[in-house]
Every structure is written in structure tokens, then in C-alpha cells.
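These notes are about the structure you will find just below.
Predicted model, so just to flag it, every value in this text is computed and none were measured. Lettering of chains follows the sequences in order, A, B, ..., and the numbering in each one begins at 1. Just so it is clear, the values below take in all heavy atoms, side chains as well, and ignore hydrogens, waters and symmetry mates.
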Amino acid sequence: MAVSTVAKKLDAHTVRADFPIFEQEIHGKPLAFLDSAASSQKPRQMMEAMTAFYSTSYANVHRGVYVLAERATAALEGAREKVRVLLNAPDVREIVFVRNATEAINLVAYSWGMNNLGPGDLVVVTELEHHSNFVPWQYVAGKTGAKLAMIPLDDQGELDLSTLDSIAAKGNVKVVATNQVSNSLGTINPVERLATWAHEQGGIFVLDAAQSAPHMTVDVQALGADFVAISGHKMCGPSGVGALWGRGSLLSRMEPFLTGGHMINSVRLDKTTWGDLPHKFEAGTAPMAEAVGFGAAIDYLNAVGFDAIAAHEHELAAYALGRMSEIPGITLYGPPAERRAGIVSFNIDGIHPHDVAQILDMNGVAIRAGHHCCQPLMQKLGVAATNRASFYLYTVQEEIDQLVDGLATVRKVFA
Amino acid sequence: MAVSTVAKKLDAHTVRADFPIFEQEIHGKPLAFLDSAASSQKPRQMMEAMTAFYSTSYANVHRGVYVLAERATAALEGAREKVRVLLNAPDVREIVFVRNATEAINLVAYSWGMNNLGPGDLVVVTELEHHSNFVPWQYVAGKTGAKLAMIPLDDQGELDLSTLDSIAAKGNVKVVATNQVSNSLGTINPVERLATWAHEQGGIFVLDAAQSAPHMTVDVQALGADFVAISGHKMCGPSGVGALWGRGSLLSRMEPFLTGGHMINSVRLDKTTWGDLPHKFEAGTAPMAEAVGFGAAIDYLNAVGFDAIAAHEHELAAYALGRMSEIPGITLYGPPAERRAGIVSFNIDGIHPHDVAQILDMNGVAIRAGHHCCQPLMQKLGVAATNRASFYLYTVQEEIDQLVDGLATVRKVFA
Amino acid sequence: MSEFDQMYREVILDHYKNPHGHGVLDPADAQADGQNPLCGDEVSIYVAFGEDGETIDEVKFSGRGCAISQAATSMLMDMVTGKTATEVAVLDKQELLDEIAIPLTPVRLKCALLGLTTLKVALHKAKGTPLPDGLAGFDELELT
Amino acid sequence: MSEFDQMYREVILDHYKNPHGHGVLDPADAQADGQNPLCGDEVSIYVAFGEDGETIDEVKFSGRGCAISQAATSMLMDMVTGKTATEVAVLDKQELLDEIAIPLTPVRLKCALLGLTTLKVALHKAKGTPLPDGLAGFDELELT
Ligand SMILES: Cc1ncc(COP(=O)(O)O)c(C=O)c1O
Ligand SMILES: Cc1ncc(COP(=O)(O)O)c(C=O)c1O
């Protein structure tokens with residue numbers, strides 16, 4: 001990630017004032033929301049953009065010749081351009097709006113995978129994958145006769161790249177699919193190297209950026225990816241919208257995925273032809289207001305600055321790791337602070353994460369307890385579940401203190 | 001549709017005050033919005049419900065043990081129950097949230113169709129279908145070797161059911177897929193009869209209710225459907241959300257469609273098992289706020305009353321047909337007022353719909369001009385496009401007058 | 001008394017730390033595995049019937065889980081010993097919840113009922129007794 | 001002057017009612033069909049080259065469309081006659097828009113440019129001249 005020369009520092013208390021969710025108490029305590037990796041809270045500015053769109057510029061897009069339809073189309077296409085800039089995609093026609101990162105990955109798995117994979121082929125994922133970048137590949141591999149292979153983790157929770165050669169020996173590597181930041185451990189993965197490796201093997205590289213795009217600059221060209229999936233709801237945008245970036249030369253050769261209204265060029269009983277990009281992949285009425293809200297969220301994040309956000313989260317992660325490592329009986333998972341995003345997964349000896357999270361909730365602290373949609377990783381760690389605290393641009397140090405205090409209470413209850 | 005004994009009459013001027021979009025002028029004229037069949041405008045109440053959700057109760061659903069996650073889960077599941085009641089579905093687990101009706105139909109086409117169709121099988125659609133209930137079946141038929149057949153229209157724009165026997169002679173009828181209300185002609189189709197016929201043939205009946213659910217009571221049990229698709233954005237709800245209802249006994253036997261987070265029971269490298277209904281079909285983060293907005297829209301529509309809405313639209317359609325039939329050179333498509341919903345498609349001799357719509361827009365009147373995603377129908381009508389005016393609960397008679405006046409201007413320009 | 005004192009009251013913590021019927025029966029007359037997809041917790045239930053082949057003579061559970069699920073399953077072991085398969089199949093979940101007697105949110109309810117649901121599945125498989133509510137109907141198909 | 005008087009000015013309506021070059025050339029030296037997926041409008045363009053096999057000797061169009069697309073295509077026929085294939089391939093769309101000289105929204109722009117785009121595709125197919133902007137690059141693959 002490029003570090004800007006004039007690094008703007010983020011004032012989380014100021015940012016926080018834009019988020020109405022914090023104007024309430026939980027169980028009589030201030031809300032310490034430490035579950036942003038699951039979904040982020042929303043700034044007023046994003047909600048206002050959606051309401052303004054519905055109130056002044058709403059109509060179905062693309063086909064209407066009247067003013068409201070033109071405004072709505074301009075708003076949707078304006079949002080698409082914002083996503084293009086966010087990802088530094090070469091061409092706006094390569095940005096496809098979807099519901100979420102999961103759908104983006106399924107689109108690639110079905111549209112590319114079902115038509116390009118077969119026996120002898122290998123789809124390579126990692127032990128760190130979210131189910132959304134694991135199950136679609138497992139499913140498509142099962143349907144096509146391809147095999148699934150996993151890049152294992154080392155003891156630090158980082159990918160063990162020394163295994164790549166032996167993996168390549170198992171078949172034709174056709175797909176390498178990994179996340180950029182692990183939602184469980186916060187590991188920042190060496191995705192440029194994996195992209196290069198994928199291309200050396202003659203495969204495509206599919207990047208799950210659901211957990212990185214909210215927190216750092218993702219440049220699809222610099223990374224050398226072929227497909228990149230993101231979710232709006234994790235980055236201050238509304239639910240119901242995400243985006244797939246795909247290399248135009250691949251997208252244009254692919255069959256469509258969902259079919260129906262809008263994605264066609266012409267429809268006849270004997271033959272239907274597909275529309276141009278990106279429309280070929282956007283069947284039916286688009287998540288229009290959601291795209292507009294996503295665009296507003298991107299504006300908001302840009303105004304704060306991705307470098308400032310990354311630096312702030314890094315500071316919080318280091319602080320949290322420092323304070324939490326002093327808690328007796330705690331196990332902290334994942335890599336050292338330098339190589340992790342604002343995510344801390346942990347367990348406390350003899351106390352199930354559900355119980356930890358429940359007692360924390362009573363102290364106003366919201367963390368996630370579970371497998372975080374990473375059962376292969378949990379199997380590797382030898383646990384059913386972990387606790388996870390995750391941070392974002394509105395997270396303040398006081399929330400981490402509240403977490404640490406809460407953990408003391410947890411230990412007292414279970415003493 | 002059942003007519004309630006105490007028929008509440010709808011006051012469209014009062015309803016209209018709930019819709020902020022009408023608080024503006026277009027080209028210095030009041031806005032006459034006659035394109036609700038493409039997408040409806042939004043009441044304040046719906047937008048407020050979404051903003052309140054984001055501001056007080058937002059978190060990712062289902063897995064969190066903390067208060068915000070519980071509230072969000074309750075809101076999402078509450079919305080699901082509202083959709084269940086709307087459709088009179090037997091079990092709330094049969095309601096799957098999707099992006100739109102198009103995705104709902106694709107889900108059935110992929111998940112049921114890809115695994116149950118083959119050579120010798122027949123998928124029967126109608127000449128009246130929207131591309132979204134046509135192309136997915138054509139696509140799946142092409143992939144599986146099944147054939148596609150169309151029930152033709154008669155001269156009134158109504159389905160010619162006398163052709164059913166000859167259609168059945170062409171193969172094993174495995175799917176019958178039709179809309180309940182045509183978005184082009186407003187035809188209300190005899191879907192109960194088609195459902196019965198489908199079942200007699202041993203097939204399933206897939207109902208595209210995208211254009212009926214906004215305007216009339218849709219009772220999946222009374223209709224005898226197997227799958228029903230609806231879109232929130234056409235019924236005062238937000239974009240980005242729709243629903244599929246499917247018969248539980250079918251859904252539970254089907255393979256999933258999108259795979260990934262949330263839709264699993266357990267994930268292992270060698271085997272993944274699917275979650276219970278409806279989760280099996282809801283991969284990734286759901287359109288949570290959109291579902292909440294959809295629920296609020298359903299509440300809004302229920303408060304006005306579906307019988308009152310249907311009666312109001314019927315009145316407007318009769319009035320529009322009456323006034324428009326006096327315009328020289330006009331061709332009105334579709335069935336008589338008694339058997340049509342609030343949709344009027346027409347052409348004016350020698351003037352292309354684009355030009356009609358453009359000039360109307362300059363008079364503040366928004367109508368749609370095009371093929372309305374119904375190219376097979378346009379081929380049947382022998383035109384490339386039609387004009388379409390469509391009405392909803394907030395439509396007032398003055399808007400139809402404004403349309404008729406506008407059409408006089410159109411004729412003057414092209415005189 | 002604060003909310004979590006209510007939730008993690010003494011008796012819950014006691015059962016959690018010293019669960020009744022924790023272990024494995026091998027062979028067992030009835031057996032089933034259950035899991036909570038929300039957190040990955042797993043429980044296995046083992047039943048041995050008495051001479052009549054109907055009355056639960058011994059019942060054990062193994063697996064991992066939170067205090068709520070472990071305590072609830074532990075209490076369940078006490079509740080069902082000596083009952084017939086048919087009696088247990090129709091056991092109202094409320095009876096167990098009354099025993100647990102703590103405020104439960106929907107997510108935690110799944111934890112509390114995991115053991116009971118799995119036990120009913122075990123009995124269903126062995127004796128054809130009715131399935132629990134949540135699994136009856138169309139989800140039944142997914143059981144196998 | 002009101003907005004629609006501007007848009008549907010006399011010269012547009014004249015071209016619409018009496019289009020120049022309306023018809024078919026059979027055989028044609030270059031030919032292509034275009035369509036506007038937004039409204040289903042279709043246009044076919046036919047080109048005959050002069051002795052040098054480069055200069056457009058005659059050009060005709062058929063199909064259906066709105067006043068804007070028909071008038072624009074009619075004007076285009078006048079503009080390109082006598083030009084070489086290479087000259088037309090690089091013809092800036094702005095030249096045609098200047099000729100049309102009415103305010104166009106993005107949707108109507110597609111109508112206005114349908115004829116020009118289709119003509120450039122016809123020339124590309126016959127002579128290998130460059131494709132128009134919108135079709136160059138990866139969408140090229142979808143042309144065939
Ligand atoms: C009859 C019918 N079916 C399906 C659709 C598709 O709806 P959506 O675009 O919301 O998926 C529409 C909307 O245009 C419609 O009118
Ligand atoms: C790394 C990663 N990939 C994919 C996803 C799936 O995102 P969504 O649920 O928005 O599709 C998530 C979110 O939990 C994630 O953290």
C-alpha cells in the first residue's frame with residue numbers, strides 16, 4: 001500500500017460522530033462495537049445519499065427516456081465509476097454490481113469455472129479462506145471433476161508458500177483463489193506472489209478482497225489479479241450490494257451467469273444474444289440505491305483516506321495485542337501486528353467463545369464468537385470457534401479498554 | 001382476488017403525500033409518473049424504516065450473540081414473516097430473500113432445472129413473458145437438452161389455452177413458467193388453470209408474480225404454484241431485494257444455488273453439508289436493510305389495502321382506456337379493462353415510442369417506451385417497441401389527463 | 001442481580017464444570033451427532049435401553065460447547081434417564097427450558113436445545129419416534 | 001423556444017419524414033446490421049465502393065427507429081458519401097452530433113449514433129478499418 005507523503009491522521013472520535021449507531025447505550029454501557037469485520041456501521045452521509053436518491057431521482061435505470069430515469073442511470077453509473085477508481089480498474093465496463101462478495105465469487109465459479117474446469121485440473125485455495133471463497137470452488141470442482149487443493153498455514157498463521165511446488169505437481173493449476181486479508185486472523189497475505197504463481201501455472205487468480213478493500217488501497221492492476229470480489233456492507237456501504245471486477249478480456253469471453261431482463265442484446269425463441277459488459281452480468285433490476293449508497297461510502301472513505309484508516313487500525317491492533325497478551329489464560333491467534341490488519345482472534349482457557357461474547361455483551365462490548373465462516377481454519381487450529389475483535393475507522397482506544405475490562409469480568413464469572 | 005366486504009376506498013391524493021418524489025417539478029410541470037410497472041416510487045415510511053435500522057439495530061445477522069446482532073436478526077426474520085403472510089405461504093422457511101424476481105427465477109432454473117431437465121423434456125412459457133421468465137428457461141433448456149415451447153396469444157392479448165394439448169404432445173412437460181400479470185399488456189393470466197395443467201402433466205408451475213404482487217393479493221396456496229418470484233422495488237420497497245417462495249418439499253430436495261458463507265451446516269475439505277431452509281439458498285450476507293425496507297413496504301401496502309389498490313388501478317385503467325381511445329391514430333394493445341391491471345400499452349401511427357416518450361417527458365409525463373423486456377411479444381405484435389403507461393396506488397386521474405394532453409402535443413410536433 | 005449473574009447462575013456453572021452423563025456408550029442402542037452451524041459446536045448422544053427396549057437405562061453425551069449447551073445437556077441427561085423413548089420424543093422443550101431457567105436469546109436457545117434435539121434424532125433413528133418440531137416436515141429429508 | 005422544439009427542430013423532422021439514402025443495396029460491398037438493445041430498434045447499412053475500392057460511392061440504410069436515429073442516419077448518408085473507408089472509420093462522432101445539433105441525453109445519444117456505429121462496423125468487416133470506440137477492446141469479441 002502506498003503511503004502518502006502528507007499522512008493525514010485520523011481522529012476516530014470525530015469520525016465516530018458521523019455514525020448514529022453510537023448514540024445509544026447497550027445494557028446501560030457505551031457501545032463498544034468490535035465486530036466490523038462481519039459488517040461495518042454506517043455513516044449518516046451514506047444514508048442521506050440513499051434517501052436523497054429515492055426522494056428526488058428514483059426510477060428504473062437504463063431504458064427510460066424521461067428525466068428521473070436519466071438521473072437514476074447517471075447515479076448508478078456514477079457509482080460504478082467510483083468503484084472503478086477505488087480498485088484502479090482499467091475500464092468501468094469491468095465493474096459488475098452484485099449483492100456481495102459471495103455472489104461475485106459464485107459468478108466466477110459458475111461462469112468461468114463450470115465452463116473451463118475438468119478432470120486433471122486443480123483449484124487452489126488456502127486454509128485461511130472464508131467459506132465464500134472455499135465452498136463455491138469445492139462445489140464447482142465437484143461438478144466438473146477438478147480437484148481442490150489447499151495452501152496450508154504455518155505456525156504464525158501465515159501461508160506456507162514452500163508447499164506451492166508440491167501442490168502444482170498434483171494437477172493443472174487452473175484457479176488460485178485467496179483472500180487478501182483473513183477475516184479470522186487478520187493475516188495480510190502475499191497476494192502479488194500468488195497472482196504471479198497462478199499465471200506461471202497458466203491459471204487465473206481470483207482475489208477475495210472483502211476484508212481488505214475496507215481497510216487498504218486495493219489496486220487490481222498492481223496486484224495482477226484476474227477477478228476481485230468486494231462487499232459494500234463491510235466498507236460503510238449499505239447491505240445488498242457488492243462488486244466484481246474482472247479482466248475485460250476474460251469477462252467478454254465468459255458465458256453469462258444470471259440471465260433475464262437487461263443483460264441481453266436481443267431475445268428470440270430460437271436465439272438470444274448477450275448484451276455488452278457489464279450488462280451481460282447484471283440480470284434484472286440492479287441494486288440501484290444500494291450502488292448509490294456504496295458510492296457515497298467510497299466518497300466517505302476517500303475523504304478520511306485509506307492510508308489514515310490503515311494506520312489507525314494498525315495502531316489499534318498493536319495496542320489491543322499489547323493489552324490482551326497480559327490476560328492470563330489467553331491464546332492470541334495470527335501473525336505479529338506488523339503483518340496483520342485490525343483483527344484480533346483469541347481464546348480464553350476453558351471458556352467457550354459463546355460465553356465470552358455473551359458476558360462481554362452485557363458489558364456493552366460486541367465481538368464475534370464462532371467459526372467466522374472459516375471451518376477449515378478452525379480445524380487447523382484445533383478449535384470449534386474463537387473470539388474475534390475487529391476494528392475500523394470509527395473504533396476508539398476506549399473500546400479496546402472496555403473489551404479488556406470485560407474479559408476480566410468473564411474470567412471472574414468462570415473463576 | 002377476494003373482495004373484502006367493507007371495501008376501503010383509496011384516496012390517491014392522500015397516499016401521494018407520503019411519496020417525496022412528487023415534491024418536485026419536471027421541466028416546470030408537475031411530475032406525472034406513469035412508469036410504476038418498471039419500478040415504483042417509495043413512501044417516506046419505507047425509507048425511515050431502513051434509516052432507523054441502520055441507525056439503531058445494525059449488525060451482521062444470525063451469528064452474533066450481542067444485542068445489535070440479535071436486533072438485526074429479529075428485523076430480518078420479521079421481514080421474512082411479513083413476506084410469508086403476504087403470499088400466504090405455509091411455512092416461513094420457504095421464503096428465500098434474493099435480489100429481485102430475476103434472481104428468484106434463475107435460482108429455480110439452475111437449482112431445479114439444471115438437475116431435473118433433459119432431452120425429451122419440455123419447458124413451457126408464454127409469448128407474454130418478461131425476458132426474466134424466458135431467457136433463464138431458454139438457457140437451461142439449451143444446457144440440458146430440454147425444449148422450450150410457448151403458449152401463444154390470441155388477438156385480445158390473452159393466452160390461447162386451446163393450444164395446450166398440442167404443446168403437451170411435443171414432450172414431457174416438466175416446467176410451466178408464466179407471469180400472473182403481463183408487464184407489457186397488463187393481461188391478468190389464468191394462472192390457476194395453468195398450475196393445474198402443469199401438475200396434470202407431472203410438471204412444476206413457476207409463477208412470475210413480479211407484476212401482480214404489487215397490485216393484488218397473491219395466495220400461493222390458492223393458486224397452486226410451486227415457486228413464486230417477486231421483487232421488492234416494484235411494490236414500494238427498496239431496490240436490491242426480492243423473494244422466492246418455493247414449496248418446502250421441493251426446496252429441501254434441491255441442490256443449493258449460490259454457495260459460501262451462512263448457507264452451510266459444516267464445511268470440510270472432503271465434504272460440505274448444506275444448512276436448513278431457507279439458509280441453504282441464502283449465501284453470503286443477506287440484503288438485510290433491504291429486507292427490512294421490504295417489510296415496511298408490505299406494512300404500508302397492507303395499511304392501504306390490496307383490494308383498494310386493485311380497485312383504484314382498475315378505475316384508472318378504465319378511465320385511461322376511455323380517454324385514450326379517442327386519440328386519432330392510436331393503437332391500444334391488450335385485453336379489455338375488466339381483465340387487465342393498471343397498464344396501458346399503445347402506439348401512435350407513424351411516431352416512434354422514443355419520440356412519444358421524449359416529448360411527454362418535456363411535459364412532465366414519465367412513461368416507458370421500448371420492448372419492456374418482452375421481445376417475443378413485440379415480435380408477435382409486429383413492432384419493435386410500444387409506449388406504456390402504468391399506474392399505482394399514488395397515481396391520480398390528473399396524471400392521466402396530463403398524459404392525454406401530452407399526446408396531443410406529440411401529434412402536433414409530428415403533424 | 002445483574003443480567004449475566006442471572007444467565008451464568010451457580011447451577012449452570014456447576015453443571016458446566018461437572019457435567020452429568022458426560023462420556024460415551026459403546027456400543028449404544030441409539031446414537032446421533034448434532035451440530036450447531038452457528039458456532040461449530042458438536043454433541044454426540046448415546047442411549048442404552050433397559051430390558052423392555054423402551055426405557056432409557058443410561059444416556060451419555062460427548063462433544064464441545066458453551067456453558068449453556070453443556071449445562072443444558074447435562075441437565076437433560078438427568079431428566080430423561082428412566083423415561084421411555086416415546087415419552088422423550090414428545091418431551092416439551094419448555095420442560096428443559098424451565099429447568100435451565102435463564103433468559104435466552106434466539107441464538108442461545110439453539111445452544112440450549114442442541115442436546116435435546118440430538119437426543120430426539122437418536123431416538124427417531126433407533127425407534128422411529130417423532131422428530132423434534134424444527135426438523136419435522138421438509139427438513140427431515142436432510143437428516144440422512 | 002421550448003426544449004422539445006429544439007429537439008424536434010424542423011430539419012430533424014424533415015430528415016425523418018424524407019430520409020436520404022433510405023433503401024437497400026444488393027449486392028453491397030460492405031454491410032452490417034446494428035441494433036439498440038434499449039428499444040429494439042434495428043438498422044442495416046449498405047455500402048458500395050467506387051473504382052478504387054476505397055471511396056464510398058453509394059450508401060443506404062434500412063430499418064426502423066425513432067426520429068432521432070432516422071434523422072441522424074439520414075444526415076450521415078450525406079456526410080459520408082464520397083469519403084474513403086479510412087476517413088469514415090476515424091470520423092469523430094462529434095462531427096455528426098454537430099450536424100444534428102440538438103441536446104441529447106445519454107439514452108438518446110445511442111439512438112443518434114446507431115447508424116454511425118453500424119457503418120463503422122460494416123467498414124471494419126469489409127476493410128479491416130478500426131472499430132468505433134465503444135466496441136473496440138474486449139467487446140470486439142462479441143461482434144461476430
Ligand atoms: C412480469 C415481470 N417479470 C419479471 C420482472 C423482472 O423484475 P426484476 O427486474 O425486479 O428482477 C419484471 C420487471 O420488469 C416484470 O414486470
Ligand atoms: C474474507 C471474506 N470473504 C468473503 C466474505 C463474504 O462476504 P459477504 O457475506 O458480504 O458476501 C467475508 C465476510 O464475512 C470475508 O470476511
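At a 4.5 Å heavy-atom cutoff, the contact between Phe257(A) and chain B is made by backbone and side-chain atoms alike. For Ile264(B), the part lying under 4.5 angstrom from a heavy atom of chain A is the side chain only. Residue contact with chain B, scored on non-hydrogen atoms closer than 4.5 Å, involves the backbone and the side chain of Glu290(A) alike. With a 4.5 angstrom heavy-atom cutoff, Val61(A) touches chain B only via backbone atoms. Neither the backbone nor the side chain of His372(A) comes within contact range of chain B; no heavy atom of the residue lies under 4.5 Å from a heavy atom of that chain. Within the 4.5 angstrom heavy-atom criterion, only side-chain atoms of Tyr110(A), from C-beta onward, approach chain B. For a residue to count as touching a neighbouring chain, one of its non-hydrogen atoms must lie under 4.5 Å from one of that chain's; by this rule Phe22(B) does not touch chain A. Heavy atoms closer than 4.5 Å to chain B are found nowhere in Asn183(A), neither backbone nor side chain. Contacts of Tyr58(A) with chain B are made by both backbone and side-chain atoms, with heavy-atom separations under 4.5 Å. In this structure, chain B has heavy atoms under 4.5 Å from both the backbone and the side chain of Ile21(A). If you measure heavy-atom distances from Val241(A) to chain B, you find no contacts under 4.5 Å at all. With a 4.5 angstrom heavy-atom cutoff, Leu68(A) touches chain B only via side-chain atoms. Contact annotation for Met288(A): both backbone and side-chain heavy atoms come within less than 4.5 Å of a heavy atom of chain B.
Remark: the Asp208(A) side chain and the Ser132(A) side chain contain no N/O donor-acceptor pair separated by less than 3.5 Å.
His371(A) is not listed as a side-chain neighbour of Cys374(A), based on a closest heavy-atom distance of 4.5 Å or more. Between Pro376(A) and Arg268(B), the closest side-chain pair of non-hydrogen atoms is not below 4.5 Å. Contact check for Trp137(B) versus Ile105(B): side-chain heavy atoms found under the 4.5 Å cut-off. Proximity of Met263(B) to Leu258(B): side-chain heavy atoms (C-beta onward) are nowhere separated by under 4.5 Å. Phe281(B) places none of its side-chain heavy atoms less than 4.5 Å from the side chain of Phe97(B). Side-chain contact between His279(B) and His62(B): present, with at least one pair of heavy atoms (C-beta onward) separated by less than 4.5 Å.
Per-residue heavy-atom pair counts under 4.5 Å with chain A were compared for Ala366(B), Ala283(B), Gly370(B), and the maximum is reached by Ala366(B). Contact tally against chain A (heavy-atom pairs below 4.5 Å) for Asp35(B), Thr51(B), Leu31(B): the top residue is Asp35(B). Between chain A and the options Ala109(B), Cys373(B), Pro136(B), Ala369(B), heavy-atom pairs under 4.5 Å are most frequent for Pro136(B). Note: Thr285(A) leads Thr285(A), Thr56(A), Val140(A) in heavy-atom pairs under 4.5 Å with chain B. With chain B as the partner, the residue from Thr259(A), Leu269(A), Val125(A), Thr102(A) showing the most heavy-atom pairs under 4.5 Å is Thr259(A). Interface summary for chain B: among Ala291(A), Ala59(A), Ala286(A), Gly284(A), the most heavy-atom pairs under 4.5 angstrom belong to Gly284(A). Interface remark: of the candidates Val67(B), Leu148(B), Val267(B), Val65(B), Val267(B) forms the most heavy-atom pairs closer than 4.5 Å to chain A. Looking only at heavy-atom pairs under 4.5 Å with chain B, the residue among Gln41(A), Glu23(A), His130(A) that has the most is Gln41(A). Of the listed residues (Gly240(B), Ser55(B), Pro287(B), Ala210(B)), the one with the most heavy-atom contacts under 4.5 Å to chain A is Ser55(B).
Listed for the Asn60(A) side chain is a donor-acceptor partner under 3.5 Å among the backbone atoms of Ala38(B). Within the 3.5 Å criterion, the main-chain N or O of Gln375(A) finds a donor-acceptor partner in the side chain of His131(A). Side-chain atoms of Ser390(A) come within 3.5 Å of backbone atoms of Ser36(A) as a donor-acceptor pair (strictly under, hydrogens ignored). Distance alone, capped at 3.5 Å, is enough to place a donor-acceptor pair between the His352(B) side chain and the His354(B) backbone. No donor-acceptor pair closer than 3.5 Å links the side chain of Asp361(B) to the backbone N or O of Ala357(B).
Evaluated for a side-chain contact (heavy atoms from CB on, under 4.5 Å) with Leu360(A), the options Ile367(A), Asn387(A), Asp355(A) yield exactly one hit, Ile367(A).
In this view, Lys143(A) and Met114(A), Tyr139(A), Asn115(B), Glu255(B) satisfy the side-chain contact (heavy atoms from CB on, under 4.5 Å) rule, not counting sequence neighbours. For Glu129(A), the side-chain hydrogen bond (donor to acceptor under 3.5 Å, both in side chains) test picks out Thr126(A), Asn133(A), Asn179(A), with sequence neighbours left out. Residues forming a side-chain contact (heavy atoms from CB on, under 4.5 Å) with Ser57(A) (at least two apart in sequence, or on another chain): Phe53(A), Arg71(A).
For Ala75(A) against Val292(A), the heavy-atom pair with the smallest separation is CB-CG2, 3.7 Å.
Chain B is approached within less than 4.5 Å, heavy atom to heavy atom, by His233(A), Pro238(A), Ser239(A) from residues 231-239 of chain A, ordered by number.
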